[in-house]
Amino acid sequence: MCGIIGFTGSSPAVPLLLDGLERLEYRGYDSAGVAVISAEKGLQIQKCKGRLSALRERLDSLPPLEGTTGMGHTRWATHGEPNDVNSHPHVSQNGQVAIVHNGIIENYAEIKEFLLHEGVRFRSDTDSEVVAQLLDYYFTAGSDPLDAVYRVLERLEGAYALGILCADQPDMLIAARKDAPLLLGYGQGENFIASDATAIIAHTRTVAYMEDGEVAVLTPDGIAVYDEYRRPVEKQRHTIDWDVSAAEKGGYAHFMFKEIMEQPDALRHTVSPRLRDGEVVFDELALTEEKLRSFQRIYIVACGSSYHVGMLGKYNLERFLRLPVEVCLASEFRYSGPLVDERSLVIVISQSGETLDSMAALREARSRGGYILAIVNVVGSSIARESDDVLYTWAGPEIAVATTKAYSTQLALLTMLGLWMGKALGRLDGAEYAAVTAELAALPGKLETVLSSAGAYQYLASLYFNRDCVFFIGRNLDYALGLEGSLKLKEISYIHSESYAAGELKHGTISLIEPGTLVVALATYGPLIDKAVSNIVEVKARGAEVVALTTESHRERMAELADHLLVIPDSHPALQPNLGVVPLQLFAYYIALQRGCDIDKPKNLAKSVTVE
Ligand code: F6R
């Protein structure tokens, strides 16, 4: 969580930092701050609780901060409540150093105790402040800036992306990284650090990703990078190939709505290059057929919506491959002593590629000999780089905290992976392979049809936006789809919602159904439509109001039962959830809109969860 941007060049730093923070605010938004430095004025800091707009207002009311080197931070609080003092940047007691930090310093209490004993006075309740104070301690003891940084890093346990300014070095910015994302941006007479490329893409497209243990020293003229033993490192530079407009709202009221509407194109990017003459082709995979044949079990490991993709993927993969697939929450997997070995394929799914629990699960699986294949959206992210193989979703930057287009593209890619593996292993029936690949090609067009009825979802939302509680029910693929529909609704509208396997209702949950309870019944999975009908009848008999999500071929039958219908085009069952998720996203979006919620930045959440 937390967003970092840093700059050193010849133009005023503050406007550039604020612009970058605007693009990083999705990473955390409970407070924000900037630090700039100039030879005349030294270190100057402004920071405050609240959204970036609060910081802007404060800066507008004060004499401008002067300097062409600086850094900014937008916070998602872990240690210490969101308030002005706990906001970043943090300045050391003697004013010699300022830092911004993303991550958690796990042994901060021990370092703090040591420094308190040395007479250091702390201002904040954060773990991060110890970094500033410890740096100052080593400066005072005579270390030069880089020496001091290495001495501090040696003592830190936990995760960090750090930006560091030293009061007597007005043209220098230092960065360090371990288990939290940070990239370097190379400009003309100016250089950058950032948590992700969206913050600096307006200024440079040339970036390098910092690795764990690396330290970078930036001046306007260049960037020197050192490894953990302080040996110089030649960084490989990458060119960002998407445009700045991809990370802007482009006339839409919210990023979430824009990203929902982008799904047909996002899917084209994901699918088209990998579907040639009716064949799924993965040029990018290193996985050999021999290795593929050795797998006895598949694990899918992820968090949140990416985990829901795994839940859907399990049904398709087991069907295509006749191999057992276990879907695990990354936060549980890492501590469960998983039975992963050399015969295990471990698929890690992550939009950001930086989710700490997924990263830790990956390392756990690797240490047990598993083969790691990542499905990731952010190119060059940590999970992508640490995996044996990576399939990029190529959905473009996803800014809204609630995922939509990343979910859809992950899902399509996982199905494609299943098709490819099933065919390579000779376990997938040729007719089914052909049917699913044909539907894959048709998917973006069918999604456009679903999106063209956005007005209908808005109307439905206007009927139900004031409910306190919503149930989602479904079976098989519809059950896994309901989990995502329920998460979308609750995370952005704050309505309590639950998703149940419809067959489980009578084992307890049905006692919660009362006259007027809203039940969203998912009935898109053809083979179990009769069962879905029975479950709708059961809840209707207890007075529930039912919104049914179904396909064209079941429209008439469902119209007799449900109070309202959401109808999507028919597809192959394996791909039906790719169409079914869109009405659920739009339903959640419009309900949140009616309730006046902050859709792109729901309370307490952040886009990239880099803490445990
Ligand atoms: C929900 C949502 C989250 C993420 C989860 C994993 O809308 O976006 O549940 O899916 O935090 O994030 P990634 O995919 O970046 O690992």
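This one's a predicted model, so the numbers in the text were calculated from it and none came from an experiment. Start at 1 and go down the list; that is how both ligands and their atoms are numbered.
Near Ser352, meaning under 4.0 Å from one of its heavy atoms, ligand 1 places the atoms 13 (P), 15 (O), 16 (O).
For the pair Arg274 and Trp420, the cation-pi criterion (under 6.0 Å, within 45° of the ring axis) is not fulfilled. A cation-pi arrangement is present between Lys603 and Tyr494, with the terminal nitrogen or guanidinium carbon under 6.0 Å from the aromatic centre and inside a 45° cone about the axis.
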Quick one: do Glu25 and Thr74 satisfy side chain to side chain donor-acceptor pair (under 3.5 Å)? Show the steps, please.
-> CA-CA 6 Å; Glu25 214 184 3; Thr74 175; 5.1 Å; no
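Close N/O approach between Ser305 and ligand 1 is found [any backbone or side-chain N/O within under 3.5 Å].
Heavy-atom distances between Thr404 and ligand 1 stay at or above 4.0 Å for every pair. In this structure, Glu354 falls outside the shell of residues with a heavy atom less than 4.0 angstrom from ligand 1.
Panel note: side chain Glu157, backbone Glu106; no donor-acceptor pair is recorded below 3.5 Å.
Protein heavy atom at the shortest distance from atom 6 (C) of ligand 1 is Cys303 O, 3.4 Å. Counting protein heavy atoms only, atom 7 (O) of ligand 1 is closest to Glu491 OE2, 2.5 Å. What sits closest to atom 11 (O) of ligand 1 on the protein, heavy atoms only, is Val609 CG2, 4.0 Å.
Scanning Thr355, Ile349, Val378, Val309 for the heavy atom closest to atom 12 (O) of ligand 1 points to Thr355.
Counting only residues at least two apart or in different chains, side-chain hydrogen bond (donor to acceptor under 3.5 Å, both in side chains) contacts with residues 323-333 comprise Arg297-Glu326.
Residues Tyr407 and His308 keep their aromatic ring centres 6.0 Å or farther apart.
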